[in-house]
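All values below were derived from every heavy atom in this structure, side-chain atoms included, with hydrogens, water molecules and symmetry-related copies excluded.
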Amino acid sequence: MNENASTAPVGPDETERVRLAVYRGFARTGHAPSVPELSALTALAPDRVRQEMRTLHERHDLVLDPQDEDQVVMAHPFASVPLGFSVMGTRTLWWGGCAWDSFALPHLLKDEPDVLVATRCPACDTPHAWVVGRQAPPKGDQVAHFLTPMSRAWDDVVHTCGNQRLFCSTDCVDTWLHETGHERGYVMDLPTLWRFAGGWYTGRLDAGYVRRDPAAAASYFAEVGLHGTFWGLPE
């Protein structure tokens with residue numbers, strides 16, 4: 001018997017190896033690694049990579065393209081498709097999945113103390129850009145509008161993320177809601193969005209990361225100043 005067997009370090013399991021390779025690939029390049037790239041990074045056969053990707057999709061750690069499950073659409077806070085935001089770092093350009101995810105990136109990426117987040121107001125097409133860092137929220141009177149309540153966020157997560165947008169003002173939110181026929185969701189100012197994004201993804205690039213359960217998520221929402229049934233909280 002190998003005397004060192006009981007004390008040898010235990011590495012990540014195969015599912016976690018694929019998760020880490022996807023997230024770290026996104027962080028490093030701004031793009032989702034392909035199945036062949038993931039196979040090389042994890043030393044797993046391509047079919048095994050695909051199996052683990054489906055497991056991660058079912059666990060809501062990844063979002064796969066329903067038409068081509070070899071393609072990762074989202075690995076929050078990263079996206080491989082444009083959903084209204086670009087996020088520029090020192091050397092890397094990412095698609096921001098939504099207002100929430102775009103503001104989260106400098107908090108997650110240790111080598112990026114701040115990033116340039118750019119978007120357009122969905123109501124009037126006015127361009128907006130902010131330098132978003134870890135020390136303080138960016139200045140501005142713009143507001144974020146989240147359309148889909150958190151209890152239904154995963155019904156169609158791409159639609160949910162695509163409708164977490166930044167507007168010039170509440171007037172622009174009201175104009176957009178009138179034009180689209182949507183019911184009003186939840187509106188927050190930039191400091192609240194910045195606090196909300198700041199700690200949500202902490203540890204996601206590390207081995208052993210575990211997603212918050214609903215109770216822990218609700219506690220986090222309350223801590224950063226959110227309220228109401230939209231977030232599963234008291235009014």
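- Applying the ring pair (Phe, Tyr, Trp, His ring centres under 6.0 Å) test to His60 and every residue at least two apart in sequence or in another chain returns Trp154.
- Taking the ring pair (Phe, Tyr, Trp, His ring centres under 6.0 Å) definition, one finds that Tyr23 meets it with nothing, sequence neighbours left out.
- No more than 12 heavy-atom neighbours from other residues, nucleotides or ligands sit within 6.0 angstrom of CG on Asp111.
- The aromatic rings of His159 and His182 sit perpendicular, their planes meeting at an angle over 60°, well past the 30° parallel limit.
- Residues Leu109 and Leu205 are in side-chain contact: their nearest non-hydrogen atoms beyond the backbone lie under 4.5 Å apart.
- Side-chain atoms of His107 and Trp194, non-hydrogen and from C-beta on, do get closer than 4.5 Å to each other.
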Could you pull out every donor-acceptor pair under 3.5 Å between side chains of residues 62-70 and any protein atom, sequence neighbours left out?
unit_1: Asp65; atom_1: OD1; unit_2: Gln67; atom_2: N; d: 2.8
unit_1: Asp68; atom_1: OD1; unit_2: Asp70; atom_2: N; d: 3.1
unit_1: Asp70; atom_1: OD1; unit_2: Arg50; atom_2: NE; d: 2.9
unit_1: Asp70; atom_1: OD2; unit_2: Arg50; atom_2: NE; d: 3.3
unit_1: Asp70; atom_1: OD2; unit_2: Arg50; atom_2: NH2; d: 3.2

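- Residue pairs meeting the side-chain hydrogen bond (donor to acceptor under 3.5 Å, both in side chains) criterion with at least one partner in residues 201-223, sequence neighbours excluded, are Asp101-Tyr201, Arg204-Tyr209, Ser219-Glu223.
- To the nearest 0.5 Å, the span separating CG on Asp171 from SG on Cys124 amounts to 10.5 Å.
- Nearest approach of Ala79 to Phe26, heavy atoms of both residues: O-CE2, 3.6 Å.
- Judged as a salt bridge (Lys or Arg N to Asp or Glu O under 4.0 Å), the pairs with a partner in residues 18-35 (not counting sequence neighbours) are, in order, Glu16-Arg19.
- Within the 4.5 Å cutoff, no side-chain heavy atoms of Pro137 are placed close to those of Leu190.
- With sequence neighbours excluded, the residues satisfying side-chain hydrogen bond (donor to acceptor under 3.5 Å, both in side chains) with His128 are Gln142.
- For CH2 of Trp95, the number of neighbouring non-hydrogen atoms (other residues, nucleotides, ligands) closer than 6.0 Å is 12 at most.
- The salt bridge (Lys or Arg N to Asp or Glu O under 4.0 Å) contacts involving residues 125-154 comprise Arg120-Asp125, where partners must be two or more places apart or lie in separate chains.
- Looking at residues two or more places apart in sequence or on another chain, you find a ring pair (Phe, Tyr, Trp, His ring centres under 6.0 Å) between Trp231 and Phe146, Tyr186, Phe196, Phe221.
- The stretch residues 181-201 participates, sequence neighbours left out, in these salt bridge (Lys or Arg N to Asp or Glu O under 4.0 Å) pairs: Asp174-Arg184.
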Apply side chain to side chain contact (heavy atoms under 4.5 Å, CB included) to the pair His76 and Trp200, showing each step before the final yes or no. CA-CA 10 Å; His76 295 89; Trp200 181 253; over 6 Å; no
Under 3.5 Å, sequence neighbours excluded: what are the donor-acceptor pairs made by side chains of residues 80-91?
unit_1: Ser80; atom_1: OG; unit_2: Val72; atom_2: O; d: 2.6
unit_1: Ser80; atom_1: OG; unit_2: Val73; atom_2: O; d: 3.2
unit_1: Thr90; atom_1: OG1; unit_2: Glu112; atom_2: OE1; d: 3.2

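- Checked by atom type and distance alone, the side chain of Trp100 never pairs as donor or acceptor with a backbone atom of Pro77 at under 3.5 Å.
- Residues Val18 and Met53 form a side-chain contact, since some pair of their non-hydrogen atoms from C-beta on lies under 4.5 Å apart.
- For the pair Arg54 and Glu58, the salt-bridge criterion is not met [side-chain N within less than 4.0 Å of a carboxylate O].
- For residues 30-41, the pairs satisfying side-chain hydrogen bond (donor to acceptor under 3.5 Å, both in side chains) are Ser34-Glu37, with sequence neighbours left out.
- Contact of the Leu166 side chain with the Leu193 side chain is registered, since non-hydrogen atoms from C-beta on lie closer than 4.5 Å.
- Every residue was checked against the side-chain hydrogen bond (donor to acceptor under 3.5 Å, both in side chains) condition with Gln164, not counting sequence neighbours, and none meets it.
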